[in-house]
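All chains are named by letter (A, B, ...) in the order of the sequence lines, taking the proteins before the strands, and each is independently numbered beginning at 1.
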Amino acid sequence: MADATPPAGGAAAAPASAPAPEPKPKVPFSPILLKHINEPGSHTIAHYQARGGYETAKAHIGVTDPGALIKLVDESGLRGRGGAGFPTGKKWSFLAKGTGKPIYLAVNGDESEPGTFKDRYILEKDPHQLVEGVILTCFAIGSKHAFIYLRGEFILGFERLEAAVQEAKAKGFVGKQIFGKDLELTITVVRGAGAYICGEETGMLSSIEGGRGYPKIKPPFPAVSGLFKCPTIVNNVETISAVTHIVKNGAAWHKQWGTEKSPGFKIFCLSGAVKKPGVYEVPLGITMREMIDGYGGGMKDGKKLKAVIPGGLSAPVLTAEMVDKCTLDYESLASLGSMLGSGGITVLDESVDMISAIYNTMRFYHHESCGQCTPCREGTGWLEKVAHRFHHDEGHEGDVELLADIAKNMRGRTICVLADAAAMPMQSYLQHFKGDFLAKVKETPFVEKKRTYRDEISPTAKKLSATGAGPSAMDVGSAEKQ
Amino acid sequence: MSLSQNVPNAGAPAFGPAPVSGATPATRKKEFSPERMAKFHDYAEEYPNKRSALMMTLRLAEEEFGSVTDEGIEIVAELCNMPVAHVLGMVTFYTHYKRPFHGKHRFMVCATLMCALEGNTDAALDQIQAKLGIGPGEKTADGLFSCEKVECLADCDKPPVVQKDNEHFCSMRGAVLDKYIASLLNKEGKVESDYAGKPAVAMDTRVPTIPAHFNFTGESETGARKTENKDPYWQAGQGDLTTKVPAPLATPLTVPVADGVNGGRKPSSNGHKKGGH
């Protein structure tokens, strides 16, 4: 299989188990999910079985009581790693029972939150732990069919996961009569095609059903009426992979790390202005400083830290003072008005213009809004346009209030949380970097039509209209260079 | 004038099969290759209904024709028993399917914040502009190369991330990107001077309209519609899944008005009456 590792060479060999200063928790921790990613052939079943793979599934499938497995995961305190942090065991126990319909498991590998790239490593380097997790989860919830949805850009991940499923099928771990028991399991790997919204659980279900990735209104929650209107459990790739290790080692083992409310370990993705960006698997509850200065090796080029986006692009931004107080668990970040989200930490240094950062962010959400709900479809567009004005030093008087007003009116008024995801960073930038905005308000009265949004955003439109073909659909491909 | 006539470089066949006469345009390749058909049947078997196999079947069309062409869309619609409009809606909703307006080699440069920091995105775009003469949203005049700005490609620790069709590259700037472009040019038997500084063509991302004569699969003239969008676990007694056109209301909501009044389309012989009454 062609390895699509970049010609940059070795760049994919992430410093996952970098020799970092010893984390403070009582129990020493070494990576679990990412332990083997740097070993050659780690994606093959031979490698996985050589390190005890599929033994857990063999021991439990058709033997243990499924209810006991759910209880075990519940006791372990595992929380969803996709972003919302909902307790996994609790989610499983909400599953509608006795409907007579099949139960589905849908594994979310869309990973579209900018700044997050943890699932890529699991899928490309160690997909069998995910497959084993799927087998265990399906047994626990009584499902015979699991879908794993990957984003379209995970080309190597898709190939390797498909190969892993086929390998498991050949060994009799997936398919009919798994592990020699009277149980069956089909695993279908679906490849998406580039839509952020398919990372939202119901949007993903719409996509698997063969439609545009439109989120559906909740309730009914997927656990009651999800995929094909059947009870469905939706979990992140990392969550399901962690299930494998929790079932293997027990709930108490998982709880020895992390904090009381956020037990366990999590993969964090460090990007931006640090010396050693990459994926780091750490116990929850370590400090943000430890992540940036310890694992990340400190700031690049000795620059000063200006802000940190702690949980993917949609997480409200943290200022340098907040970073000092912050620990990496769900509660600490919530108390600072942000969120742990998907664990994508982006460090912004003093050279970053916060206005261009927020304009870039807003452009992303405008492009990715699915267009179902008016507050989001229009609101993200307005936010982008006003941010575009600031980006070009042409902010109007009152624009700061306008941005705050739009953001406020977007939140909580849509089917899914994309509108909130766009409004939250805007609100936090306005709160912490208001001065940057005000500095860009134009002093002289605004001259209309000096620079129109459309001209810049779509040079294509201009060219086409010059040839008499009319304006083009606005697309990111022709978006203005920033 | 229909939109398709407006489209520069639009090939001879408009969207959909040839009208009235029913003759198939000579360019239309009717079927997938047997291997791809076998793959489709595998999908169709694995998924609870044919509709849900759409995402993967579109990928087959992409492989078969090099991009998701109009005929590819028709074939997929037929195979999955869905209206062409639905499939077209899918293709335009998702950004990743390769379409005929893209170049043979489609560069996608991540422009989201993590890549854009420290000017990484701009560096990659500038290099592509310098070597191939194309900016974002453009393709070379011969249609071999195209360039786009896209949103996050999920490898944010190694910016800038660039995807070329189905190949993924990180830290793609400087010598690495130059070398890669050179290798592509070499493969196509071209040299840098063929493109550098030469005018580029804007990619026309519009979709042609679907001709009115096109009969959607399972859709009759009366509007009754049967699609594969059924609950595979639907049980007898839950009612028919066919959506019927509702009968006209016994009492019309609005009193019919004469031609030319209240926005009537036909110009009345009395000339245009504004506002009616």
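- A/N360 contributes a side-chain N or O that, together with a main-chain N or O of B/A111, makes up a donor-acceptor pair within less than 3.5 Å.
- Once rounded to the nearest 0.5 Å, the distance linking CZ of A/R120 with SG of B/C156 reads 9.0 Å.
- Within a 6.0 Å sphere centred on NZ of A/K144, other residues, nucleotides and ligands contribute 12 heavy atoms or fewer.
- A/S207 touches chain B through backbone and side chain together, each having a heavy atom under 4.5 Å away.
- In this structure a side-chain-to-backbone donor-acceptor pair under 3.5 Å is missing from B/Y47 to A/I208.
- The minimum heavy-atom distance linking B/M114 with A/S271 is given by the pair CG-OG, 3.7 Å.
- For a residue to count as touching a neighbouring chain, one of its non-hydrogen atoms must lie under 4.5 Å from one of that chain's; by this rule A/L205 does not touch chain B.
- The greatest number of non-hydrogen atom pairs below 4.5 Å with chain B, out of A/A195, A/G211, A/G371, A/G192, is found for A/G211.
- In this structure, the portion of A/L270 lying under 4.5 Å from any heavy atom of chain B is its backbone and not its side chain.
- Closest approach of B/P48 and A/F147 over heavy atoms only: CD-CZ, 4.0 Å.
- Here A/S356 contributes atom OG and B/L117 contributes atom CG; the two are 8.0 Å apart, rounded to the nearest 0.5 Å.
- When all heavy atoms of A/F364 and B/C152 are compared, the closest pair comes out as CE1-N, 4.3 Å.
- Chain B forms the most heavy-atom pairs under 4.5 Å with one residue out of A/S112, A/G115, A/C198, and that residue is A/G115.
- Here A/G213 is the residue among A/C269, A/G272, A/S351, A/G213 with the most heavy-atom pairs under 4.5 Å with chain B.
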Audit row: B/D157, A/F117, side-chain contact (heavy atoms from CB on, under 4.5 Å) steps and yes/no: CA-CA 8 Å; B/D157 55 338; A/F117 42 94; 3.5 Å; yes

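- Nearest heavy-atom pair, B/E46 versus A/I187, reported as atom, atom and distance to 0.1 Å: OE2-O, 3.4 Å.
- In this structure, chain A has a heavy atom under 4.5 Å from the side chain of B/M56, while its backbone stays farther away.
- Proximity to chain B (any heavy atom under 4.5 Å) is restricted, for A/V352, to the side chain, taken from C-beta onward.
- Rounding to the nearest 0.5 Å places CG of A/L313 at 9.0 Å from CD of B/E151.
- Neither the backbone nor the side chain of A/L227 comes within contact range of chain B; no heavy atom of the residue lies under 4.5 Å from a heavy atom of that chain.
- What you find for A/E153 and B/L153 is that their closest heavy atoms are CG-CD2, 3.4 Å.
- A distance of 8.0 Å separates CZ of A/F154 from CG of B/D155, quoted to the nearest 0.5 Å.
- Heavy-atom distances place the side chain of B/Q163, and not its backbone, under 4.5 Å from chain A.
- By the 6.0 Å contact criterion, NZ on A/K169 is open, its count of non-hydrogen atoms from other residues, nucleotides or ligands being 12 or less.
- Heavy atoms closer than 4.5 Å to chain B are found in the side chain of A/T346, but not in its backbone.
- For chain B, no part of A/Y196 is nearby; none of its heavy atoms comes within less than 4.5 Å.
- Within the 4.5 Å cutoff, no side-chain heavy atoms of B/N166 are placed close to those of A/F158.
- Using a 4.5 Å cut-off between heavy atoms, A/Y365 does not touch chain B at all.
- A donor-acceptor contact shorter than 3.5 Å is absent between the side chain of B/H96 and the backbone of A/R151.
- The distance from the CG atom of B/L54 to the CD atom of A/E209 is 11.5 Å, given to the nearest 0.5 Å.
- For A/R191 (side chain) and B/R59 (main-chain N/O), no donor-acceptor pair under 3.5 Å exists by modelled atom type.
- One distance of note links CZ of A/R212 with OG1 of B/T92; it measures 6.5 Å at 0.5 Å rounding.
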